[in-house]
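Both backbone and side-chain heavy atoms feed into the values below; hydrogens, waters and symmetry mates do not. Each residue takes its place number in the sequence, starting with 1.
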Amino acid sequence: MNVHVNDETREFPDGSSVADVLAELGAARRGVAVALDGEVVRRGDWTATAVPDGARLEILTAVQGG
């Protein structure tokens with residue numbers, strides 16, 4: 001299936017969850033926020049939230065600086 005991740009089209013296995021997509025991308029679990037089609041997905045729901053074909057997934061990572 002094709003998913004738009006941060007405005008880049010990527011291919012993932014059918015039935016992938018938010019957690020699966022993050023794992024495949026190698027994204028850290030700490031300091032990360034995820035929105036699926038404009039709705040924030042709570043960290044506790046990542047495993048249970050399926051990502052449908054054609055979805056828009058925004059992955060934001062908190063950074064610290066000075």
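Within the structure, every pair that satisfies the side chain to side chain donor-acceptor pair (under 3.5 Å) test and touches residues 6-19, not counting sequence neighbours, is listed here: H4-T9, S17-D20.
Here L60 is tied to no hydrophobic group at all, with no ILVMFWY side chain closer than 4.5 Å.
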Let me have the donor-acceptor pairs involving side chains of residues 35-47, under 3.5 Å, with sequence neighbours excluded, atom names and distances please.
residue: D37; atom: OD1; partner: R56; partner atom: N; Å: 2.8
residue: R43; atom: NH1; partner: R29; partner atom: O; Å: 2.1
residue: R43; atom: NH2; partner: V32; partner atom: O; Å: 3.2
residue: W46; atom: NE1; partner: V41; partner atom: O; Å: 3.1

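When all heavy atoms are compared, the tightest approach of P13 to E24 is CD-OE1, 3.8 Å.
Using a distance-only test at 3.5 Å, with no hydrogens or angles considered, a donor-acceptor pair links the side chain of D53 to the main chain of N2.
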**Request:** Apply side-chain contact (heavy atoms from CB on, under 4.5 Å) to the pair V21 and V3, showing each step before the final yes or no.
**Result:** CA-CA 9 Å; V21 170; V3 177; 5.6 Å; no

